[in-house]
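Naming convention: chains lettered A, B, ... in sequence-line order (proteins, then strands); numbering from 1 in each chain. Values reported hereafter were calculated over all heavy atoms of this structure, with side chains retained and with hydrogens, waters and symmetry mates removed.
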Amino acid sequence: MAQTNSSGQGTNGVADESPNMIVYRKMEEVIARMQDEKNGIPIRTVKSFLTKIPSVFSGSEIVQWLIKNLDIEDPVEALHLGTLMAAHGYFFPISDHVLTLKDDGTFYRFQSLCLSPSAVYLCKRTMQNKARLELADYEAESLARLQRAFARKWEFIFMQAEAQAKVDKKRDKIERKILDSQERAFWDVHRPVSVYGLQNDIRTHSPTHTPAPEAKQPTEEELQHQITFWQLQLDRHRLKMSKVAESLVGYTEQYFEYDPFLTPPDPSNPWISDDTTLWELEASKEPGQQRVKRWAFGIDEVLKDPVGREQFLKFLESEFSSENLRFWLAVQEVKKRPIREVPTRVQEIWQEFLAPGAPSAINVDSKSYGKTTQNIKDPGRYAFEDAQEHIYKLMKSDSYSRFIRSSAYQELLQAKKKVQTRKSID
Amino acid sequence: MRSPLSPEMATQEVPLNETLAHLKTESETLKLKLEEERAKLHDVELHQVAEKVEGLGQFVMKTRRTLKGHGNKVLCMDWCKDKRRIVSSSQDGKVIVWDAFTTNKEHAVTMPCTWVMACAYAPSGCAVACGGLDNKCSVYPLSLDKNENLAAKKKSVAMHTNYLSACSFTNSDMQILTSSGDGTCALWDVESGQLLQSFHGHAADVLCLDLAPSETGNTFVSGGCDKKANVWDMRSGQCIQSFETHESDINSVRYYPSGDAFASGSDDATCRLYDLRADREVAIYSKESIIFGVSSVDFSLSGRLLFGGYNDYTINVWDVLKGTRVSILFGHENRVSTLRVSPDGTAFCTGSWDHTLRIWA
């Protein structure tokens with residue numbers, strides 16, 4: 001479970017990480033594990049013709065390591081993850097710097113960890129001759145952003161860059177060879193025109209993920225509001241996990257046969273067979289057996305399905321008790337209208353269903369009736385909310401259960417499905 | 001945990017400082033108490049109860065249609081109620097309406113702004129809404145006459161003070177719910193553009209929202225950069241429940257089909273399931289090998305499967321009850337930015353930064 005903290009700081013004390021930094025950090029953790037002396041990828045020097053190639057490992061070794069250490073079953077998945085890490089420049093093929101991963105004997109080398117995305121590159125550029133190498137606008141912007149993101153590590157990165165600039169000349173031949181290769185690969189990744197379509201390309205960065213501004217300290221009013229909120233939450237009635245889990249399991253089991261991903265639809269899934277019969281059947285006025293069966297799951301299923309609503313209404317009309325459902329449907333309609341039409345519609349509903357002497361009088365408890373009478377004086381979209389809730393409960397326990405037990409419903413349930421075998425011509 | 005009594009203001013305002021510190025302590029104590037109460041009812045894990053459920057077999061899910069036509073990153077899409085048409089929007093300002101079954105483009109409109117991050121299909125199928133960096137949500141009625149200029153009939157509905165991140169019609173063409181980078185959500189009357197209700201409570205950009213699937217309910221859930229998922233009462237504008245367990249921005253929220261729970265997808269590379277009756281997080285869907293953030297999530301019709309579109313270009317399919325990953329789908333060549341299951345659950349559609357949309361079944 002995440003450690004949360006009201007001050008907006010992560011538990012290690014560093015300012016909240018931006019989403020990109022979180023990904024870099026995770027990748028760097030994996031890379032660090034890959035570089036571990038005991039459990040990492042074996043890095044070795046390979047003899048080739050007259051020279052030695054230092055500090056390399058093969059593509060297959062990367063894939064195998066990922067499979068073993070990150071609990072991946074499929075080599076394709078390991079290859080995909082490895083390719084993304086290569087695209088970010090964490091390791092690179094030594095021959096051509098084309099940043100993809102191949103599951104074969106091609107040799108790769110790790111990028112130096114301190115050459116984190118753009119950080120050292122931009123840093124070095126500021127140290128070089130300023131007149132000749134002014135940072136472009138977007139580079140300056142990203143340098144500033146990186147400085148904020150790296151915060152405490154920035155000093156270290158700066159020192160690294162400084163030290164590298166001085167010491168480069170003094171390195172021994174092998175070291176310089178490695179370093180040179182790393183730096184050139186680095187340029188290949190981070191030069192302005194990025195060819196790899198990486199999501200961390202500065203100029204195509206999504207506007208939703210700019211660093212969040214520092215959180216303001218809450219005011220007294222805000223704190224009072226928070227306190228009231230927590231108190232309300234504490235008073236809430238909660239269900240036990242066991243009950244909730246049973247309910248979730250029960251629901252998915254009940255709808256298993258209706259889920260096209262789990263049970264192939266009858267006659268076929270249009271997207272797979274290119275046959276739209278399934279949709280034509282659903283659009284027809286004759287509901288199939290499976291669809292009728294679903295109405296028995298709960299009143300919402302009947303109310304949701306236009307054919308279900310129609311059948312329910314027809315049944316209630318035959319019993320001369322349709323005013324409840326008609327009221328409920330009318331109130332739903334009012335909420336869907338433009339605000340301009342609401343006052344008129346509300347009056348109409350009041351006259352039809354609730355006013356003294358109403359033609360389709362409904363029975364509402366006195367409390368709801370009182371509240372509704374008040375609401376009518378200043379009619380809004382929710383004028384009938386209490387009455388509607390009362391009527392809904394009434395329908396659920398009374399009219400709905402009668403409908404499901406009715407012969408009309410049972411007949412629909414027994415009716416044979418009409419199977420249309422002609423293919424649709426598009 | 002940070003000490004609640006750390007002094008942070010100058011000592012000349014002693015009474016105010018004491019009151020604020022006192023209130024802070026009270027607030028934090030209550031919050032902790034809430035966590036304790038929530039934890040008391042945690043008598044079993046969802047996947048334990050799900051052990052008795054039969055495992056899912058192997059899935060063969062493939063791309064059944066590829067929709068090409070956008071010239072830049074696809075950012076958002078939505079299905080029409082007719083189960084085959086979709087609307088999609090992209091970074092270059094283009095909004096396209098497709099018959100995904102035939103892959104034909106039926107309408108296209110160019111917005112005056114880039115990064116159209118939100119789009120939605122009206123329940124009637126006769127209009128679409130969209131918006132993004134223009135801070136607005138606009139509605140375009142769809143004409144039967146394909147030659148008609150859609151842009152001429154454009155109606156500006158919502159006005160925020162920062163980018164529009166998501167929009168959705170309620171169960172009617174007449175109301176739109178929006179979320180914005182300005183940290184608020186809002187409900188609007190389409191005809192007049194009037195603000196019907198605003199929702200304040202997120203401490204940072206709100207990135208996503210989803211309406212509860214109930215016939216009677218008036219609630220919706222939102223997720224934001226403050227790592228919080230909030231459940232709102234549309235009538236009163238009040239936040240009725242809040243969940244904060246993600247470690248980074250929440251990019252997507254979607255209700256479980258029964259409306260009793262919802263899933264979220266975050267930049268912390270996890271998807272999570274929160275149950276409203278238990279009032280807590282009840283499952284986490286994650287793997288060590290999944291490092292990149294989740295951009296969008298949606299459930300299959302029964303709620304058994306959770307589909308997640310990820311920033312590493314893949315789609316992961318999760319068994320919601322058992323907590324395991326049942327499939328990983330490759331195909332897109334850049335990050336998956338949006339994912340929605342069709343209204344009858346026969347397929348799901350993904351949109352990607354690789355400029356294409358794909359229908360999977």
Chemist: Just so I know, are the side chains of Leu239(A) and Leu41(B) near enough to count as touching, which here means a heavy-atom distance under 4.5 Å?
Modeler: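 No; the side chains remain at least 4.5 Å from each other.
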Chemist: Would you call Glu253(A) and Arg304(B) a side-chain contact if the rule is heavy atoms closer than 4.5 Å?
Modeler: yes
Chemist: So which pairs with a foot in residues 386-395 of chain A pass salt bridge (Lys or Arg N to Asp or Glu O under 4.0 Å), sequence neighbours left out?
Modeler: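 Those involving residues 386-395 of chain A are Lys371(A)-Asp386(A), Glu389(A)-Lys393(A).
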Chemist: Let me know if Ala361(B) has heavy atoms under 4.5 Å from chain A in its side chain, its backbone, both or neither.
Modeler: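 Both parts, heavy atoms under 4.5 Å.
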Chemist: Indicate yes or no for a side-chain donor-acceptor contact from Gln233(A) to the backbone of Ile240(B) under 3.5 Å, with no hydrogens or angles considered.
Modeler: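 Looks like yes, one N/O pair under 3.5 Å.
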Chemist: Against chain A, label Lys62(B) side chain, backbone, both or neither, depending on which of its atoms sit under 4.5 Å from a heavy atom there.
Modeler: neither
Chemist: So which residue, Pro270(A), Ala283(A), Pro265(A), ends up with the most heavy-atom pairs under 4.5 Å with chain B?
Modeler: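 Max contact count across the listed options: Pro270(A).
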Chemist: For Ile359(B), is it the side chain, the backbone, both, or neither that has a heavy atom closer than 4.5 Å to a heavy atom of chain A?
Modeler: side chain
Chemist: Carefully, step by step, assess Lys24(B) and Glu222(A) under the rule salt bridge (Lys or Arg N to Asp or Glu O under 4.0 Å).
Modeler: CA-CA 10 Å; Lys24(B) 266 217 175 108; Glu222(A) 281 167 1; over 6 Å; no
Chemist: For Ser337(B), which atoms come within 4.5 Å of any heavy atom of chain A: side chain, backbone, both, or neither?
Modeler: neither
Chemist: Side chain, backbone, both or neither: which part of Ser192(B) has a heavy atom under 4.5 Å from chain A?
Modeler: side chain
Chemist: Restricting to non-hydrogen atoms, name the atom on Phe229(A) and the atom on Cys239(B) that form the minimum distance, rounded to 0.1 Å.
Modeler: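 Scanning both residues completely, I find the closest heavy atoms to be CE1-O, 3.2 Å.
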Chemist: Report which part of Gln241(B) has an atom under 4.5 Å of a heavy atom belonging to chain A: side chain, backbone, both, or neither.
Modeler: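 Both parts, heavy atoms under 4.5 Å.
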Chemist: State whether Lys26(A) and Glu288(B) are salt-bridged, where the test is any N-O pair (Lys NZ or Arg NE/NH1/NH2 against Asp/Glu carboxylate O) under 4.0 Å.
Modeler: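 Not counted as a salt bridge, because no side-chain N and carboxylate O are separated by less than 4.0 Å.
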Chemist: About how many Å separate CZ of Phe292(B) and CG of Leu84(A), when rounded to the nearest 0.5 Å?
Modeler: 4.5 Å
Chemist: Once rounded to the nearest 0.5 Å, what's the spacing between atom OG of Ser124(B) and atom NZ of Lys336(A)?
Modeler: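 Spacing of OG (Ser124(B)) from NZ (Lys336(A)) equals 11.0 Å.
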Chemist: At a 4.5 Å cut-off on heavy atoms, which part of Val76(A) comes close to chain B: side chain, backbone, both, or neither?
Modeler: both
Chemist: Contact between Asp267(B) and Ile22(A) at the side-chain level, heavy atoms closer than 4.5 Å - yes or no?
Modeler: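 No, too far: nothing below the 4.5 Å cut-off.
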Chemist: Leu75(B) versus chain A, heavy atoms under 4.5 Å apart: side chain, backbone, both or neither?
Modeler: neither
Chemist: Measure across Gly303(B) and Asp259(A) and return the closest heavy-atom pair with its distance rounded to 0.1 Å.
Modeler: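 The pair with the smallest heavy-atom distance is N-OD2, 4.4 Å.
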Chemist: Within the side chain of Glu26(B), is there an N or O that forms a donor-acceptor pair under 3.5 Å with the backbone of Leu223(A)?
Modeler: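 Not confirmed, Glu26(B) side chain does not pair with Leu223(A) backbone.
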Chemist: Which atoms of Lys335(A) come close to chain B, meaning under 4.5 Å heavy atom to heavy atom: side chain ones, backbone ones, both, or neither?
Modeler: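 Both parts, heavy atoms under 4.5 Å.
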Chemist: Can you tell which part of Phe307(B) gets under 4.5 Å to a heavy atom of chain A, answering side chain, backbone, both or neither?
Modeler: side chain
Chemist: Between Glu28(B) and Trp230(A), is any pair of side-chain heavy atoms under 4.5 Å apart?
Modeler: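 They are not in contact (no side-chain heavy atoms under 4.5 Å apart), so the answer is no.
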Chemist: Relative to chain B, which of Leu303(A), Asp74(A), Leu234(A), Ile299(A) shows the most heavy atom pairs under 4.5 Å?
Modeler: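 Of Leu303(A), Asp74(A), Leu234(A), Ile299(A), Leu234(A) has the most heavy-atom pairs under 4.5 Å with chain B.
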Chemist: Quick check for you: to the nearest 0.5 Å, what is the distance between Thr83(A) atom OG1 and Asp312(B) atom CG?
Modeler: 11.0 Å
Chemist: Dump the intermediate steps for side chain to side chain contact (heavy atoms under 4.5 Å, CB included) on Glu77(A) and Phe330(B), then the final yes or no.
Modeler: CA-CA 9 Å; Glu77(A) 210 190 320; Phe330(B) 299 94; 4.3 Å; yes
Chemist: For Ile328(B), is it the side chain, the backbone, both or neither that has a heavy atom under 4.5 Å from a heavy atom of chain A?
Modeler: side chain
Chemist: Check whether the side chains of Asp82(B) and Trp279(A) place a donor and an acceptor atom closer than 3.5 Å, and report yes or no.
Modeler: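 Checked: Asp82(B)/Trp279(A) side chains show no N/O donor-acceptor pair below 3.5 Å.
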Chemist: Could you report the tightest heavy-atom contact between Asp300(A) and Ser214(B), atom names first, then the distance?
Modeler: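 Result for this residue pair: OD2-OG, 4.3 Å.
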Chemist: Can you tell me how far CD1 of Ile227(A) sits from NZ of Lys31(B), rounded to the nearest 0.5 angstrom?
Modeler: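 Reported to 0.5 Å precision, the distance equals 13.0 Å.
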Chemist: Tell me, with the steps shown, if Phe348(B) and Trp271(A) meet side chain to side chain contact (heavy atoms under 4.5 Å, CB included).
Modeler: CA-CA 10 Å; Phe348(B) 68 89; Trp271(A) 298 101; over 6 Å; no
Chemist: Give a yes or no on whether the backbone of Glu215(B) and the side-chain of Gln332(A) come within a donor-acceptor separation of less than 3.5 Å.
Modeler: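 Checking the backbone N and O of Glu215(B) against the side chain of Gln332(A), a donor-acceptor pair under 3.5 Å is found.
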Chemist: Heavy atoms, side chains only, cut-off 4.5 Å: are Val190(B) and Pro338(A) in contact?
Modeler: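 Not touching, per the 4.5 Å side-chain cut-off.
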Chemist: Is it the case that the side chain of Tyr256(B) and the backbone of Leu248(A) share a donor-acceptor pair, with hydrogens and angles ignored and the cut-off at 3.5 Å?
Modeler: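 The answer is yes, because a donor-acceptor pair under 3.5 Å joins these two groups.
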Chemist: Which atoms of His237(A) come close to chain B, meaning under 4.5 Å heavy atom to heavy atom: side chain ones, backbone ones, both, or neither?
Modeler: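 The backbone, not the side chain.
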Chemist: Heavy-atom distance under 4.5 Å to chain A: side chain of Arg65(B), backbone, both or neither?
Modeler: side chain
Chemist: Verify whether the ring centers belonging to Phe261(A) and Phe299(B) lie closer than 6.0 Å.
Modeler: no
Chemist: Could you pull out the closest heavy-atom pair between Ser289(B) and Leu81(A), with the gap in Å?
Modeler: O-CD2, 3.8 Å
Chemist: Could you tell me if the side chain of Glu282(A) sits less than 4.5 Å from the side chain of Lys83(B), heavy atoms only?
Modeler: yes
Chemist: Under the side chain to side chain contact (heavy atoms under 4.5 Å, CB included) criterion, do Glu385(A) and Asn218(B) qualify, and how do the steps go?
Modeler: CA-CA 10 Å; Glu385(A) 209 61 9; Asn218(B) 294 303; 2.8 Å; yes
Chemist: Do Arg236(A) and Glu37(B) pass the salt bridge (Lys or Arg N to Asp or Glu O under 4.0 Å) test, and can you show the C-alpha distance, the side-chain angles, and the key distance before you say yes or no?
Modeler: CA-CA 10 Å; Arg236(A) 167 188 298 280; Glu37(B) 288 301 310; over 6 Å; no
Chemist: Hey, could you give me the OG1/CG distance between Thr346(B) and Leu278(A), rounded to the nearest 0.5 Å?
Modeler: 7.0 Å
Chemist: Using 0.5 Å steps for rounding, measure from the OH atom of Tyr258(A) to the CG atom of Asp344(B).
Modeler: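 Those atoms lie 14.5 Å apart.
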Chemist: At a 4.5 Å cut-off on heavy atoms, which part of Asp43(B) comes close to chain A: side chain, backbone, both, or neither?
Modeler: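 Asp43(B) touches chain A through backbone and side-chain heavy atoms alike.
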Chemist: Tell me the closest heavy-atom pair linking Met27(A) and Ile291(B), and the distance in Å.
Modeler: CG-CG2, 4.2 Å
Chemist: Answer whether the closest heavy-atom distance between the side chains of Met241(A) and Glu45(B) falls below 4.5 Å.
Modeler: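 Answer no - side chains too far apart.
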Chemist: Where does Pro257(B) contact chain A at under 4.5 Å (heavy atoms): side chain, backbone, both or neither?
Modeler: both
Chemist: Under a 4.5 Å cut-off applied to non-hydrogen side-chain atoms, are Arg238(A) and Arg277(B) in contact?
Modeler: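 A side-chain contact is absent here, since even the closest heavy-atom pair is not under 4.5 Å.
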Chemist: Please state whether the side chain, the backbone, both or neither of Lys40(B) comes within less than 4.5 Å of a heavy atom of chain A.
Modeler: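 No part of Lys40(B) comes within 4.5 Å of chain A.
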Chemist: For Asn69(A), is it the side chain, the backbone, both or neither that has a heavy atom under 4.5 Å from a heavy atom of chain B?
Modeler: backbone
Chemist: Test side chain to side chain contact (heavy atoms under 4.5 Å, CB included) on Leu23(B) and Gln226(A) and set out the steps.
Modeler: CA-CA 9 Å; Leu23(B) 286 176; Gln226(A) 269 179 31; over 6 Å; no
Chemist: If I measure from the heavy atoms of chain A, does Asn171(B) come under 4.5 Å with its side chain, its backbone, both, or neither?
Modeler: both
